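For the numbers below, each heavy atom of this structure counts, side chains included, while hydrogens, waters and symmetry mates do not. Residue numbers count from 1 along this sequence. None of the values given here were measured: they were computed from a predicted structure.
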Amino acid sequence: MNAEGDQPAPPLAPAPYGPAPYTPSAPPEGMQRQRLHPLTPLLESVRFLTAAAAAVGIQMFTSRNFLFAVYAAVAAAVVGGIASLIALQYRGFVIWGRELHIYGGVFTRSHRTVPLDRLQSVDLVRPLRARVFGLAQLNIEVAGGDGTDARLAYLKHDRALELRAELLSIAGRPGATPRTEAPEESAEEAPAGAPTLVPPVTVRKLALASFLEALPVQLAALVVFGTAFLVTGSIFGFTQVATALWFGFFAPALLGYLQSTIATVNRFLRNCRFRITRDGGNLLIERGLTDTSHETVPVDRVTAVSFDEPIMWRSREWRRVEVWTAAMAQQSGSVVRSTTALPVGSPAEVATVAAEAVPELPSVFAVERPPRRARWRMPLRWKRTGAALDEKVFVVRHGWWVNTYVAVPYARIQSVRVVQGRIQRMQGLATVHAMTAGGVGHTATAAHRDVREAVAMAAELRERADAAAALEAPRLS
């Protein structure tokens, strides 16, 4: 007691509060590793082999030396076979306790430990090159910092299903086993099993939606190319202009045009045979025509839901639903990906999927536009930009070609900040950023709000986020 009437200080806790720090444990020396399929090195180097085959083919065609192609093929087969055998000796995995240990590397050895207590989902993916041999790969997502995704490729399909179920069982996140594909199944018919949340998206509807989404960009590119050619040709002559424009502008632009077309085709193939079901606390998504995937979205990890409206879809009232989770937001690399929960759907279908991703989440929102003095900063997007504090989510709207609504549940907001640039300060404007769980996840941005409104919005967001998080046990982190 320091003074008369003072109470003694409470004793210190024997250990810090909160979860114990994670300390990985290594399996004992000599423990047998489970091997990947022997064709794994070949399948992972298929792009290199394709490029090498193309180079050899060009050399054979130009030199008319067929023996060169034979020698190159034999050398590549011998070297590739030896390299594959060596690589397989060091690649594998071990399940030890509640951890998954993944080994790899020949010259540079790697040993990665995946704590299964933090496992979020295990997705089964079957690229076309793997399906030919009856193989599959597992994409493993765990909660944590950057680079927490892991991959096991390739395994026999049956073995991949067993391993997926085993990992989910250890993590205490049981999920439904993906169905076995039937070759005779129609792409427009729903497979037997759990009922789908929405009717299957037909190939015709998906093809039309993909075409309409890409049409404005394709037409804009053709108009720009044609206008540039006609204007410069009428001034300098079409012969000189055609040659100069082709080498200086058209050829590089054509590559970008082809890349955009290929991306549209790949998106269409990826979303064919789309099927979404609900199993307990998970959304199970199956998709793909050439490369198939079976994805698991844990509903309790959803950090944001976005609704996309391409400009050519609006007359038909079609929208696309994307779901963001903490595990996806933490993936390594500069690209943060989401999961397509509905590639294209009507208002009723969108409302159903939205309510399954976030309970009681509406699919239609009324947002307030930025002040009129901010219109010159975004003349085309001003009417389609806005923000609102809904009852359960923070909603922002942005975009013109593709108008997007982003809905972030208050319990998933980790931090809020108000940013004001120099020109914004002169106009009395500010931008509010609401960062979601995962650090680099989908950030909801309310751009160019009145500065007093921005400060009040940020304060309200912090209060609602704290109140919503207090009702969750445990809180997503």
Closest non-hydrogen atom pair between [X] and [Y], with its separation:
{"X": "T261", "Y": "Q218", "answer": "OG1-NE2, 3.4 Å"}
{"X": "V408", "Y": "A444", "answer": "CG2-CB, 3.7 Å"}
{"X": "F394", "Y": "I413", "answer": "CB-CD1, 4.3 Å"}
{"X": "R384", "Y": "N403", "answer": "O-ND2, 3.1 Å"}

**Q.** Qualifying residues under salt bridge (Lys or Arg N to Asp or Glu O under 4.0 Å), relative to R35, sequence neighbours excluded
**A.** none
**Q.** Residues in salt bridge (Lys or Arg N to Asp or Glu O under 4.0 Å) contact with K156, at least two apart in sequence or another chain
**A.** none
Q | salt bridge (Lys or Arg N to Asp or Glu O under 4.0 Å) contacts touching residues 206-219 (sequence neighbours left out) | A | E213-R320
Q) Are H398 and T445 close enough that some pair of their side-chain heavy atoms sits under 4.5 Å apart? A) no
Approximate separation, where rounding is to 0.5 Å, of [X] [atom1] and [Y] [atom2]:
{"X": "D291", "Y": "L128", "atom1": "CG", "atom2": "CG", "value": "6.0 Å"}
{"X": "L100", "Y": "L119", "atom1": "CG", "atom2": "CG", "value": "9.0 Å"}
{"X": "K392", "Y": "D390", "atom1": "NZ", "atom2": "CG", "value": "9.5 Å"}
{"X": "R112", "Y": "Y103", "atom1": "CZ", "atom2": "OH", "value": "14.0 Å"}
{"X": "T292", "Y": "R126", "atom1": "OG1", "atom2": "CZ", "value": "5.5 Å"}
{"X": "F133", "Y": "H37", "atom1": "CZ", "atom2": "NE2", "value": "9.0 Å"}

Q: Test the R397-F365 pair against the cation-pi criterion, namely NZ or CZ under 6.0 angstrom from the six-membered ring centroid and within 45° of the ring axis.
A: no
Q: Evaluate side-chain contact (heavy atoms from CB on, under 4.5 Å) for R314 paired with I311, printing each intermediate quantity in order.
A: CA-CA 6 Å; R314 293 169 195 168; I311 189 171; 3.8 Å; yes
Q: Taking atom types as modelled, find out whether Q137 and N139 have a side-chain donor-acceptor pair closer than 3.5 angstrom.
A: yes
Q.
Run R278 and L283 through side-chain contact (heavy atoms from CB on, under 4.5 Å) and show every step you take.
A. CA-CA 5 Å; R278 179 71 180 262; L283 293 178; 3.6 Å; yes
Q.
So if I apply the side chain to side chain contact (heavy atoms under 4.5 Å, CB included) rule between V323 and each of V299, T303, V302, which one comes out positive?
A. V302
Q. Who passes side-chain contact (heavy atoms from CB on, under 4.5 Å) against V419, sequence neighbours left out?
A. R417, H433
Q.
Taking side-chain contact (heavy atoms from CB on, under 4.5 Å) as the definition, give me every residue that meets it alongside A209, ordered by chain and number, with sequence neighbours left out.
A.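 For A209 the side-chain contact (heavy atoms from CB on, under 4.5 Å) partners, ignoring immediate neighbours, are W313, W318, V344.
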Using atom types as modelled, flag every donor-acceptor pair under 3.5 Å from a side chain in residues 264-271 to any protein atom, sequence neighbours excluded.
from: T264; atom 1: OG1; to: S260; atom 2: O; distance (Å): 3.1
from: N266; atom 1: ND2; to: I262; atom 2: O; distance (Å): 3.3
from: N271; atom 1: OD1; to: R287; atom 2: NH1; distance (Å): 2.8
from: N271; atom 1: ND2; to: R267; atom 2: O; distance (Å): 3.2

(Q) Checking C272 against L206 for the side-chain contact (heavy atoms from CB on, under 4.5 Å) test, could you report, in this order, the C-alpha distance in whole Å, the side-chain angles of both residues, the deciding distance, and whether it holds? (A) CA-CA 7 Å; C272 276; L206 184 61; 4.0 Å; yes
Q | Heavy-atom donor-acceptor pair, S110 side chain to G104 backbone, under 3.5 Å | A |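 Looks like yes, one N/O pair under 3.5 Å.
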Q) Any donor-acceptor pair under 3.5 Å linking the side chain of T277 with the backbone of P195? A) no
Q.
Walk me through whether L135 and L155 qualify under side-chain contact (heavy atoms from CB on, under 4.5 Å).
A. CA-CA 5 Å; L135 304 180; L155 300 164; over 6 Å; no
